[in-house]
Amino acid sequence: MKVLVAVKRVVDYNVKVRVKADNSGVDLANVKMSMNPFCEIAVEEAVRLKEKGVASEIVVVSIGPTAAQEQLRTALALGADRAVLVESNDELNSLAVAKLLKAVVDKEQPQLVILGKQAIDSDNNQTGQMLGALTGYAQGTFASKVEVAGDKVNVTREIDGGLQTVALSLPAIVTTDLRLNEPRYASLPNIMKAKKKPLETLTPDALGVTTTSTVKTLKVEAPAARSAGIKVKSVAELVEKLKNEAKVI
Amino acid sequence: MTILVIAEHNNAVLAAATLNTVAAAKAIGGDIHVLVAGSGCGAIGEAAAQIEGVAKVLVADDAAYANQLPENVAPLIADLAKNYSHVLAAATTNGKNFLPRVAAQLDVDQISEIIAVESADTFKRPIYAGNAIATVQSSAAIKVITVRATGFDAVNATGGSAAVEQISGAGDAGKSAFVGEELAKSDRPELTAAKIVVSGGRGMQNGDNFKHLYSLADKLGAAVGASRAAVDAGFVPNDMQVGQTGKIVAPQLYIAVGISGAIQHLAGMKDSKVIVAINKDEEAPIFQVADYGLVGDLFEIVPELEKLV
Ligand SMILES: Cc1cc2nc3c(=O)[nH]c(=O)nc-3n(C[C@H](O)[C@H](O)[C@H](O)COP(=O)(O)OP(=O)(O)OC[C@H]3O[C@@H](n4cnc5c(N)ncnc54)[C@H](O)[C@@H]3O)c2cc1C
């Protein structure tokens with residue numbers, strides 16, 4: 001079965017971003033960019049499905065600027081077979097991304113689409129679910145276990161109260177949570193091999209998708225800063241402060 | 001303007017997050033209706049009718065809605081949404097699961113996890129793990145929004161007397177089925193609603209050592225949380241993770257034990273009123289947000305703290 005994996009180029013998770021002085025956004029000049037961590041987990045899961053003989057081909061797709069080729073090459077080095085870049089320099093909202101992914105799904109006809117549950121830049125947690133609505137496929141979000149069995153996939157989901165397992169008819173959408181797997185690192189020979197794997201570039205226009213949005217960002221501000229407090233010397237002093245100063249116990 | 005709030009519940013109990021979501025609806029302004037989709041959820045409908053400020057409750061009672069499967073619930077909500085200016089759900093794992101599906105079905109963007117209402121079409125939401133706050137404006141005919149509970153003080157659970165109307169939807173879409181669940185059982189307060197939270201990190205060393213935090217928590221009437229590292233290591237289950245990609249908490253008192261204070265963890269707790277950090281590394285970033293820091297070995301400090309509170 002064919003598996004489609006969507007990956008996003010985002011600011012590296014170790015970077016503490018700063019808001020621009022004109023409040024137009026965050027400053028991404030010269031900061032390290034990486035594959036969104038949840039997307040790495042998605043790629044890893046697809047590769048494991050291929051290693052188990054469940055997946056026959058892994059197509060990885062990214063929607064973003066030319067530079068997102070870097071993240072696609074990383075996915076190829078991790079084991080994806082071919083890549084598709086839908087090139088756009090605009091800051092696209094989740095719905096636009098889901099529409100573009102829907103167009104790629106129509107072309108590729110995968111049985112399973114795996115995405116990260118959220119991107120660590122916009123923190124939206126929407127795209128997989130929206131793709132579910134647009135394709136009409138079932139969705140297993142926040143997955144910590146994925147088992148394909150015949151024409152179904154069982155997905156165990158991390159929910160507020162614990163874990164929930166659902167059975168979805170294929171084709172289906174899965175979004176990854178942190179405990180699904182631990183992504184591997186790409187080996188040097190695989191990085192070299194990835195350079196020769198096919199990478200196709202498309203545009204929203206060529207896919208016939210309009211990416212206009214009903215939401216606009218008016219401003220981006222730094223959060224209210226918390227001022228550092230004090231160090232106490234003993235447990236007794238801590239308890240005294242919590243009782244008499246903070247009055248929280 | 002009429003706003004539809006989707007009730008968060010498990011067919012037995014109406015979750016507190018619903019009250020925060022109604023508070024967000026109140027801040028937007030207009031009539032507020034609540035949808036209870038579930039199975040055997042009549043009592044939830046009655047509870048929702050008591051919520052302060054709610055004008056009408058719609059109850060869709062159908063086995064297909066029992067587990068909030070998005071393939072079944074989203075079409076029901078999308079169909080109702082056409083009569084409303086706004087559709088709001090709590091940013092719980094349920095709301096996050098079905099609401100984007102509703103938005104896409106309506107061909108509108110969703111605004112995720114708002115923490116403030118500026119006006120009926122303008123909202124604030126955290127991005128980049130809370131390192132920036134975006135103010136966004138929506139021109140969509142139907143505004144589809146998830147609400148971060150910690151951003152809004154709950155309305156009263158009682159005082160209202162809304163009319164309850166039974167409705168029905170298309171039911172089972174035939175694409176998905178509930179197989180089972182493993183729910184954490186605890187007599188302690190729910191993490192996101194607790195007044196005091198005690199959280200442990202990798203410094204706890206193993207799951208067994210969490211007993212020190214449980215007994216401290218029981219003395220304080222607190223809930224127990226954890227960092228991602230503690231969950232990944234298998235010390236405690238996933239539902240205890242606090243952070244950017246786990247639960248968001250803002251209690252009166254948050255006690256971080258053996259947690260370094262990575263930005264992803266801070267994103268889930270830095271709006272707590274008072275933060276205490278217990279860590280043996282005086283350089284740990286958690287001290288930068290802590291009101292009271294205590295440098296030392298948690299295995300000495302926590303038992304002593306339990307004795308003194
Ligand atoms: C995509 C992504 C999402 C993430 N989401 C989350 C999230 O939602 N929540 C979250 O928490 N993290 C999240 N993380 C992980 C985060 O980056 C950190 O790795 C994690 O928070 C570290 O957990 P910790 O503080 O318990 O462990 P560590 O960073 O290892 O810190 C352990 C601390 O314990 C202290 N310590 C050790 N022994 C003792 C002792 N005996 N007495 C006192 N102190 C002691 C040490 O000094 C140290 O400061 C995410 C990461 C990524 C990439």
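In what follows, every heavy atom counts, from backbone to side chain, and hydrogens, waters and symmetry copies are set aside.
Residues passing the side-chain contact (heavy atoms from CB on, under 4.5 Å) test with A:Ser213 are A:Asn93, A:Val215, B:Asp109, sequence neighbours excluded.
Ranking A:Asp123, A:Asp160, A:Ile159 against chain B, the residue ahead of the rest is A:Asp160, based on heavy-atom pairs under 4.5 Å. Ranked by non-hydrogen atom pairs under 4.5 Å with chain B, the options A:Val166, A:Val235, A:Leu95 are led by A:Val235. The most heavy-atom pairs under 4.5 Å with chain B, out of A:Val220, A:Leu134, A:Leu218, come from A:Leu218. Of the listed residues (A:Leu131, A:Thr165, A:Leu238), the one with the most heavy-atom contacts under 4.5 Å to chain B is A:Thr165. Annotation: maximal heavy-atom pairing with chain B below 4.5 Å, among A:Pro223, A:Ala222, A:Ala228, A:Ser169, occurs at A:Pro223. Listed options A:Asn23, A:Val239, A:Asp121 were ranked by heavy-atom pairs under 4.5 angstrom with chain B; first place goes to A:Asp121.
For A:Lys231, the NZ atom is densely surrounded, since the number of other residues' heavy atoms within 6.0 Å is greater than 12. More than 12 heavy atoms of other residues, nucleotides or ligands sit less than 6.0 Å from atom CD of A:Gln109. Atom CZ of A:Arg18 is surrounded by 12 or fewer heavy atoms from other residues, nucleotides or ligands within 6.0 Å. Within a 6.0 Å radius of CD in A:Glu91, other residues, nucleotides and ligands contribute 12 heavy atoms or fewer. Atom CD of B:Glu182 sits in a sparse spot, with 12 or fewer heavy atoms from other residues, nucleotides or ligands closer than 6.0 Å. Counting non-hydrogen atoms of neighbouring residues, nucleotides and ligands closer than 6.0 angstrom, the OH atom of A:Tyr13 reaches no more than 12 such neighbours.
Salt bridge status for A:Arg226 with B:Asp291: present, with a side-chain N to carboxylate O gap under 4.0 Å.
Within the 4.5 angstrom heavy-atom criterion, atoms from both the backbone and the side chain of B:Lys96 approach chain A. With a 4.5 angstrom heavy-atom cutoff, A:Val19 touches chain B only via side-chain atoms. When heavy atoms are compared at a cutoff of 4.5 Å, B:Leu99 does not approach chain A at all. Heavy atoms closer than 4.5 Å to chain B are found in the side chain of A:Val11, but not in its backbone. Of the two parts of B:Ile275, the backbone and the side chain both hold a non-hydrogen atom closer than 4.5 Å to a non-hydrogen atom of chain A. Contact annotation for B:Glu71: only side-chain heavy atoms (C-beta onward) come within less than 4.5 Å of a heavy atom of chain A. The contact between A:Val232 and chain B is made by backbone and side chain atoms together, counting heavy-atom distances below 4.5 Å. Looking at B:Glu300, there are no atoms closer than 4.5 Å to chain A (heavy atoms on both sides), in backbone or side chain.
Contact of the A:Glu245 side chain with the B:Tyr292 side chain is registered, since non-hydrogen atoms from C-beta on lie closer than 4.5 Å. Looking at A:Leu178 and B:Arg228, their side chains come closer than 4.5 Å, going by heavy atoms from C-beta outward. Proximity of A:Gln129 to B:Gln110: side-chain heavy atoms (C-beta onward) are nowhere separated by under 4.5 Å.
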request  = Apply side chain to side chain donor-acceptor pair (under 3.5 Å) to the pair A:Gln126 and B:Ser112, showing each step before the final yes or no.
outcome  = CA-CA 8 Å; A:Gln126 300 176 352; B:Ser112 291; 2.8 Å; yes

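Distance NZ/A:Lys247 to NZ/B:Lys273: 9.5 Å, rounded to 0.5 Å. Taken from NZ in A:Lys219 to OG1 in B:Thr135, the straight-line distance is 5.0 Å, to the nearest 0.5 Å. Atom-to-atom distance recorded for A:Leu242:CG and B:Leu305:CG is 7.5 Å, nearest 0.5 angstrom.
Note that B:Lys175 lies outside the cation-pi zone of A:Tyr137, set by a 6.0 Å cut-off to the ring centre and a 45° limit from the axis.
No donor-acceptor contact under 3.5 angstrom links the side chains of B:Glu113 and A:Asn124, judged on distance only.
The backbone N or O of B:Ser139 sits nowhere less than 3.5 Å from a side-chain atom of A:Thr214 that would complete a donor-acceptor pair.
Within residues 143-157 of chain A, the residues that have a heavy atom under 4.5 Å from a heavy atom of chain B are A:Asn154, A:Arg157, listed by number.
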